[in-house]
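The block underneath contains the structure these notes are about, expressed in structure tokens.
We name chains A, B, ... by the order of the sequence lines, and we start the count at 1 in each one.
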Amino acid sequence: MNSSISKILKKLQVHYPQTQCFLKYQTPFQLVCAVILSAQCTDERVNRTTPLLFKNFPTPEKMARAPIKAIETLIHSTGFYRHKAKNILECSKIIHHTYHGQIPSTLEELVRLPGVGRKTANVILGEIYKKSEGIVVDTHVARLSQRLQLTQSSTAEKIEQDLMGILPQSEWIAFSHRLIQHGRNLCIARKPRCNICFLQSQCPSAFLEKNKSN
DNA sequence: CTCCCGATAT
DNA sequence: ATATCAGGAG
């Protein structure tokens with residue numbers, strides 16, 4: 001691990017000490033539903049949606065018996081609601097019937113669930129089982145990794161491989177959480193606030209921003 | 001690659 | 001008006 005990367009890790013650790021999931025949930029099953037809903041949607045909106053969803057259908061068994069229209073209505077505001085409702089329903093059936101209500105504990109099993117890709121599976125593994133088989137690469141992690149030039153790749157899968165090669169496995173879970181917080185707070189997609197960013201001296205993109213003539 | 005899809009900031 | 005939000009499937 002080179003010195004720039006260890007500085008980045010250290011600063012992120014100091015500025016974002018807590019690495020908790022922002023999604024609200026009571027049970028592992030509810031986390032699975034919340035993470036599926038969080039695709040292309042802010043966690044804040046998911047958290048405004050899930051309380052009523054989980055009040056109506058709190059367990060995999062009850063969600064598996066829910067009318068799809070009811071799920072669609074309850075999650076409508078998170079977007080992609082037809083896909084997400086179908087995925088949550090199918091997931092609930094599989095979790096109830098095949099896994100007897102337990103959430104699978106390997107990446108391989110998780111990505112077989114409908115609506116669960118590597119990003120979602122890595123969130124679930126890290127959050128429920130504290131396991132890192134991979135690294136959560138969402139839109140924030142992808143964007144910040146590129147800006148910090150930790151990768152030259154453009155697809156989530158390649159970026160994940162690059163990061164796995166660079167970072168010690170013990171840092172994988174916390175790294176994603178911290179990068180996501182930083183992406184929300186400062187290194188915003190549309191208008192990064194490089195002038196007040198504590199990673200300025202480690203960030204090639206901040207240097208470029210600074211030398212723009214505008 | 002396209003499609004799914006509502007809410008919000010700019 | 002348009003880009004973007006803790007993406008995944010066909």
Side-chain angles (χ1 to χ4, degrees), chain A residues 12 16 18-25 28 30-50 52-53 68-69 71-95 104 107-128 132-148 150-151 153-161 163 171-194 205 209 214:
Chain A
L12 285 170
Y16 305 109
Q18 102 287 24
T19 60
Q20 223 179 319
C21 186
F22 194 67
L23 294 167
K24 288 188 229 161
Y25 62 96
Q30 293 182 358
L31 174 69
V32 173
C33 296
V35 185
I36 289 173
L37 290 175
S38 75
Q40 294 295 105
C41 179
T42 61
D43 284 11
E44 202 178 324
R45 175 152 298 283
V46 173
N47 287 336
R48 275 185 261 144
T49 304
T50 47
L52 193 54
L53 177 68
I68 184 130
K69 288 294 290 177
I71 302 178
E72 284 183 5
T73 304
L74 285 162
I75 67 169
H76 182 271
S77 73
T78 64
F80 300 155
Y81 64 93
R82 274 188 283 251
H83 275 316
K84 288 176 181 176
K86 190 177 178 206
N87 289 336
I88 286 176
L89 185 57
E90 291 307 310
C91 270
S92 302
K93 289 178 183 172
I94 295 169
I95 290 167
L107 192 61
E108 190 189 338
E109 290 173 295
L110 285 169
V111 294
R112 261 187 254 138
L113 297 172
V116 178
R118 285 192 66 92
K119 177 257 164 183
T120 302
N122 279 322
V123 172
I124 294 168
L125 272 183
E127 189 68 15
I128 300 179
S132 10
E133 291 189 35
I135 297 181
V136 173
V137 177
D138 69 341
T139 180
H140 290 304
V141 176
R143 184 181 70 255
L144 270 65
S145 297
Q146 288 169 340
R147 284 182 177 167
L148 288 164
L150 302 179
T151 178
S153 308
S154 52
T155 69
E157 212 161 318
K158 285 183 192 167
I159 292 171
E160 186 182 353
Q161 292 306 317
L163 293 176
E171 297 294 324
W172 290 0
I173 297 175
F175 177 77
S176 287
H177 276 113
R178 289 177 177 137
L179 229 53
I180 288 161
Q181 292 178 63
H182 194 58
R184 280 201 293 250
N185 296 340
L186 282 181
C187 196
I188 302 156
R190 302 177 205 226
K191 198 181 173 198
R193 302 165 70 185
C194 301
S205 304
E209 282 292 318
N214 58 11

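- Counting any heavy atom pair closer than 4.0 Å across all strands shown, A:His140 reaches sugar-phosphate atoms only and no base atom.
- Take the nearest nucleotide of DNA chain C for A:Val136 and for A:Arg112: the residue whose nucleotide is more 5' is A:Val136.
- Counting any heavy atom pair closer than 4.0 Å across all strands shown, A:Leu113 reaches sugar-phosphate atoms only and no base atom.
- When the P atom is used for both B:dT10 and C:dA6, the distance is 14 Å, rounded to whole Å.
- Atom CD of residue A:Gln40 and atom CZ of residue A:Arg45 lie 14.5 Å apart, to the nearest 0.5 angstrom.
- Backbone-only contact: A:Thr120 has heavy atoms under 4.0 Å from sugar-phosphate atoms and none from a base.
- Residue side chain A:Phe80 meets the stacking definition with respect to C:dG7: its ring centre sits within less than 5.5 angstrom of the base's six-membered ring centre, and the planes differ by less than 30 degrees.
- Contact check for A:Leu163 versus A:Val141: side-chain heavy atoms found under the 4.5 Å cut-off.
- For the side-chain contact (heavy atoms from CB on, under 4.5 Å) with A:Val46, the qualifying choice from A:Leu53, A:Val35, A:Leu23 is A:Leu23, the only one to do so.
- Base contact: A:Arg184 has a heavy atom under 4.0 Å from a base atom.
- A:Arg45 comes within 4.0 angstrom of sugar-phosphate atoms only, judged by non-hydrogen atoms across all strands, and of no base.
- Within the nucleic acid shown, A:His177 comes within 4.0 Å of at least one base atom, counting heavy atoms only.
- A salt bridge links A:Glu90 with A:Lys93; the closest basic N to acidic carboxylate O contact falls under 4.0 Å.
- C:dA6 atom P lies 11 Å from atom CD1 of A:Ile188, rounded to whole Å.
- At a threshold of 4.0 angstrom between heavy atoms, the contacts of A:Val116 are confined to the sugar-phosphate backbone, with no base atom among them.
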